[in-house]
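Below is one structure, written out as structure tokens; the observations come after it.
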Amino acid sequence: MAVFDLLLCALILLVAVAAIVGKGLFRAVVFFVIYGVLLSLAWVRLDAPDVALAEVAIGAGLTGVLLLGAVGRLARSDADEPAEPIDWPVAVAASVVAALLVGAAIKITPGTGLEPEVRAVLTRTGVENPVTAILMNLRAWDTLLESMVLITAVIGLWPLAQGGDWMEPAGPAHHAQPGGVLSGFGRLLPPVALLVGVYLLWAGASQPGGAFQGGTVLAAAGVLCVMAGVVRAPGMAAPAWRLALVAGPAVFAAFGVAGLAWGGFLTFPEAWAKGAILTIEMALTLSIAVVLALLVLGPPQAGEAR
Amino acid sequence: MSVALPIAILLSSLIPALASFFLAQESHMWRNLLSLGGAVIKLGLVVAMLLAVAQGAAYEVQLNLAPGLHLLLRIDALSLLFMSLSAVLWLLTTIYAIAYFGTKAELSRFFGFFSLCVAATTGLAMAGSLISFFVFFEMLTLSTWPLVVHKQDDRSLAAGRRYLAYALPGSVALLVAIVWLESVTGPVLFTDPPDLSAVDPVSLRGIFVLFVAGLGVKAALVPLHGWLPGAMAAPAPVSALLHAVAVVKAGAFGVVRVVYDVFGLITVQDLGLGTPLAVAASVTILWGSLRAMQQEEIKTRLAYSTVSQVSYIILGAAVAGPFATIGGLAHLVHQGLMKITLFFCAGIYDERAGAKRIDALNGMGARMPVTSICFSLGALGMIGLPPMAGFVSKVYLGIGALQAGENWVLAVLAASTLLNAAYFLPILYRLWFLPAADIARGDERSPMLVIPAVITALASLAVGVFAASPLSPLGWASLIVAREYAP
Amino acid sequence: MTPFAVTGALLVALGLYGLIAGRALLRRIIAFNVMGSGVFLMLGALGWHEGRADPVPQALIITGIVVALSGSALAVGLVVALARATGRQHLRDDVG
Amino acid sequence: MIALATLLILPIFGALAVVAVPGQAARVAAAVAVLSGGALAVLIMAVAKGGSVQILPGGWGAPLGIALEADGLAVAFMAMTVAVTAAAIALAARTPAIGTPFWALVMLTWSALNVIYVSRDLFNMYVGLELLTLAAVALVATGGTSALAPALRYLFFALTGSLLYLAGVALIYAAHGVLDMAHLAEAPLQATDGVALALMTAGLLVKTAVFPFHAWLPPAHAAAPPPASALLSALVPKASFVILMRLWFDAVPDAATRSLLLTLAILGALAVAHGGVLALRQDRLKQIVAYSTVAQIGYLMLVFPLAGGGGAAQPWAAGAWSGAIFHALAHGLAKAAMFLCAGIWIMAAGSDRLDDLRGLARALPMTAMAFGVAAVTLMGLPPSGGFTAKYLMMTSAFASGQVVLAIVLLAGGLLAAGYLYRPMEALFARVVPDHRPVSRLLQAVPLLLALLAFAMGLFSDAVYAFLQTGRPGAAEGGL
Amino acid sequence: MSVELLRQIAVYALTGAGLVFFLAGTLGVVRFPDTFSRLHALTKADNLGLGFLTLGLAVNAERWADVAKLALIWALVLLAAGTVAQLVARSALVRGER
């Protein structure tokens, strides 16, 4: 198996170099998506299925779509894109950092980390999957802040909209032929995606999965619906979208404050921990789906022919 | 150890200052009431404190800024001397300023910063530790700048820029000296002088030089006096109170504090710093007088005269003889009274007769007799004609120099007396003996301008004549020297 | 699993190079993501011990990936807005 | 404990409420400001009486969970944040060009700051830093199309900084198996910690915009709308500085080598010089004030070499450490006041070019006074908090023999006088320009902030004593 | 020749065939001149390859649930590949390639 790992590592490095220093912006983005997929393979080899799922869904998937959309909008043909000249002083600095990091990575003998402690406490967290236990209970404060980071990204894009206000639907106008293949595909896939997303959310308690991975799949389904013209793109005008956007962190924070009543900030009583976590995760998945859809579609551009 | 009085004195000018900032331009009545009221109350409080101190009362207030950083207000004879001088003169100058400005613009701002300045000066007088002195010293710099640039024309803005260009590096030098000393000896209080044994002589000299440099800017020692003549662009009340009393005296007062309460006279002599300081003061005295002779305008001539006169005080501090110290301290008050009279008269000439240049003063004696008499009294006093105040301080300085064996100081005093005569007598000659130019005008119809000048002129006369009595500044100065610094 | 840790370290350096020396803004965003995933790979690989992966780094990495996405989304939004407003695709020529 | 939780959660609910109900954005922000003020008062009392207040979210505590602790330093910074943010909100309420995103981003920046101040967990600080960065960059971007390029440069610098920091955290976790600072302090130093700490420090220096990583700060802070730049300049770089202080004073005090202290001293000195000289050459007020931030941040870096320089003669402990915090607080208040003044003058005279400001002292006296008071604080002249800071740090410098650093402090003060005098002189020009009147109430906002900096100077004894609660040992002993 | 051995052989045979078809598809993409023929190669070969691969994995899977999941994956990928091929073809047409 070591040969496979070495081969995988070499491939990852090669694709990463191609993405960063290779010729052409569109090629770089394609290489980046491939890099994401290879990386999730690496996570599978490292027995981290949750991370593999997150990496391929969010890292390769959504970020890839984001970048592809951007390359499309920047509308620069690839032909005249020169390969970037090597900037030697920075290269030297980077290689020094590389040397330091590799040296450190080799010197560190991986220990058990906090794995035994987590295992000991797992039963009291209300979920079986240790990663979800950490995310939703042990380090719940990090996850709440992380969902706020997502909201910040959306609000950050808000002033970039044409009129500085994001009242029209998100993203560029889409024209899919009504009877065409895309609209057909757009009607067929979403129900399945919905099923997979909810499954991922539910399975998160005991197997790899969880709010973020589920949310991403739902977001992808949402973006597809918008592209297929099945649904009008979400926009800040509709209060429903805004509430959906805010639901996740709001529920999470509400539970946090409620926790003050019986133990402490963000404390879930062990009896209802599983129920509480699942409610939070459902709200979180909804919010994440809406946020990621808005992020991928980007701020509204009125009148730009797609 | 009652705490209320010193704080009350401080507040008596702080509260009017802060209040008048918020007054509208039109409410002259309220503003005048505030300033005059503040001045009267302060004078009353200072007199009350004088009487109490005479019966042996003592005052000390400590406001902790940081554990080592105490704002200590402590009353001793020296601080009382300087405080009573500034209280009296502030009242007179406020009256003068109200008449001088009438209804010109930006008066709320003016009187606000004016009272803030006096608050800083009294705080400085009462400061009981080096750091408290520095805090008020800097507040004085900051509150004087808006007064210097009050007219907001290019000339006064340039003067303001020069003033800060000198004052801020000066404050840096002073701060370095303070922190350098305190980092070795711990916080320095004027009550118990720090034991300087821990500091090696070389850095002790360095600290002393930095002290003199920092304070010298305000005391207008020669190389550092550049800002003073330019500051004459400020309106008359500002140059009268600030550049004759508050700011300049603060520098001299600081040097006296440092020489006596921080280093102690013996250490200064042992380190061999007494003579160089005396030389610096003498150079300033002569240089100031020489430059004064070349000035065309009244106020710039008076400014250079201030530069030289203030150094008498520093000379008194530098010379080791007790009489010199008494002479120097007495001169602190004498010079204040005489110089403010001259500035008042210069202001009246400018305001009433539009006479800024000296050659415009021909025949003013006839048209403005009272002002001219006051001016003459002040001028003669400055020259040091017996029995005027100037003569008393110069005599004591001379005797002190003899006691300390510094005979060359006598020559300096004599030379400066001649130079004073050289730049004051021509003015007197023009006032009384030259015929008035035909278009000359001028009247003394505004009593509120003239009365303060008369009072200060008479005071400077009385201080000279009744010098022997214990109540006079001279008597007071000898009390200070006897009680505090028996060398 | 040191090979993955070493790869992570090299990816960090590669990403750092791209982030600083990149001319086209989108390329710098890609470099940012590569550097981020490099750090996560290093963190994850060093947490792997005899067949069992330490769950704490996994949770941190999932949080990190989502944060990296938000960063990239904001960056892409800004780049597109800048390109549409000024037609410029890089920050190199002006001061900085 | 309830008060601390409220302070942490309020801005988060505020941000969510603003997104949910954009119409009431200004009112929500005002309500959050008022309630936070109340919670803060309760917290100050609690910490003053009973020492640091701790929260263990989820009840797990370190090393598994995250430990949050509000000690003197954290509560002081939270207090300054409440004051500055409330003032910025007050001014923004009356600035026409402010849209809904601004309000939400102010709330988000605020919550990120509170998170960072109280966090004791290295990764939690990373998430806080990222939330702060994205909110701050977005705040800059609200400044319109001219603000896009500076915002992007800010984002790339900040993201590089965060990832360098994260790389360090990864190495620390891999070597020690622990993220909590208290546990890290007890664990023996490992061989790889040198690299990890170097990376983390480099990352944090980039985010604090210390020379030579400061290129992003002036264009970004000048391009943002004035209330936003008040928050950006006064608060955002301070957060990563707090983490740097926690790292070196709480987590690994004995890992600090001579070379590190020397480097930080040199970078600090260069920042003071570079920021000051460049500020002298700007002709727009916001540029001057932004470069002044670069210079003032240089002072903060001097705390590392100066710490522990108290010496026997001083009757106080941890002079340099407390001085640096005094400086950070006083600078925050004064800098926010200055940017709000700039905002008011832009409202009145239309632009912040120096020659458009000529004569405004007569037209808007209160704002000129506020700018004057803030300038005095930045120059470090008494009676301002800036003076107490400079005095404490200078005494430590002299006592520990590092006189060069005292010279840097003084030179910085003079440079500040230099570049702040030009706007003052322009304000005091005689010509009264035609300007739109600004209500006195609005002018009072920056004046209040500036006077707070003075009050910090006058009552510095109480503030000093408060800062000592939960002070790390290394602050007195030195690195 | 236990059932187990037979299963192993079947798995290897099927996955091997799948890989061969993937290889063919990739070769097609590299060698063919224009977009349409590349698309042709890609969709045909890769889908077949995928079919064999999924069969091989299904044989290898222990539980029926996994087989169902594999079938779902196979169906979805086929659907996606078809749609994408259509879209790429149309955009190539729009861009005027004949």
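Chain A is the first sequence line, chain B the second, and so forth, proteins listed ahead of strands; every chain is numbered from 1. The shown structure was predicted, so the numbers you read here are calculated from the model rather than taken from an experiment. The basis for the numbers below is simple: all heavy atoms, side chains too, and nothing from hydrogens, waters or symmetry mates.
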Proximity breakdown for [X] and chain A, heavy-atom pairs closer than 4.5 Å:
X: D:Leu132; result: neither
X: D:Ile55; result: side chain
X: D:Leu148; result: side chain
X: D:Leu179; result: side chain
X: D:Phe123; result: both
X: D:Ala202; result: neither
X: D:Val195; result: side chain
X: D:Leu108; result: side chain
X: D:Leu68; result: side chain
X: D:Ile9; result: side chain

Under 4.5 Å from a heavy atom of chain D, the part of [X] involved:
X: A:Leu145; result: both
X: A:Leu243; result: side chain
X: A:Ala250; result: both
X: A:Pro239; result: neither
X: A:Val118; result: both
X: A:Leu260; result: side chain

- Item | Donor-acceptor contact below 3.5 Å, side chain D:Thr109 vs main chain D:Ala136 |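 No, the answer is negative, given that no donor and acceptor are paired below the 3.5 Å cut-off.
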- Message: Whether the side chain of A:Ser95 engages the backbone of A:Val92 through a donor-acceptor N/O pair (distance < 3.5 Å, no angle test) should be reported.
- Response: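 Checking the backbone N and O of A:Val92 against the side chain of A:Ser95, a donor-acceptor pair under 3.5 Å is found.
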- Message: Could you check whether A:Asn137 and A:Thr125, counting side-chain N and O atoms only, form a donor-acceptor pair closer than 3.5 Å?
- Response: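 Side chains of A:Thr125 and A:Asn137: no pair found under 3.5 Å.
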Looking at [options], which has the largest count of heavy-atom pairs under 4.5 Å with chain D?
options: A:Ala253, A:Gly259, A:Ala105, A:Gly264; result: A:Ala253
options: A:Thr152, A:Val121, A:Leu150, A:Ile134; result: A:Thr152
options: A:Val149, A:Val97, A:Ile151; result: A:Val149
options: A:Met148, A:Glu115, A:Glu146; result: A:Met148

- Over all atoms of both residues, closest heavy-atom pair of D:Val115 and D:Leu8: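 Heavy atoms only, the tightest pair is N-CD2, 4.1 Å.
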- Message: Could you report the tightest heavy-atom contact between A:Met136 and A:Ile277, atom names first, then the distance?
- Response: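 Closest approach of A:Met136 to A:Ile277: CB-CG2, 3.7 Å.
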- Query: Going by the angle between their ring planes, with limits at 30° and 60°, are D:Tyr165 and D:Tyr126 parallel, tilted or perpendicular?
  - Reply: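 Ring orientation, 0 to 90° scale: parallel.
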- Query: Less than 6.0 Å separating the ring centroids of D:Phe156 and D:Trp216?
  - Reply: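 No - the distance between ring centres of D:Phe156 and D:Trp216 does not fall below the 6.0 Å cut-off.
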- Item | Distance in Å, D:Leu204 CG paired with D:Met125 CE, rounded so as to fall on 0.5 Å steps |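 Going from CG on D:Leu204 over to CE on D:Met125, the span is 9.0 Å.
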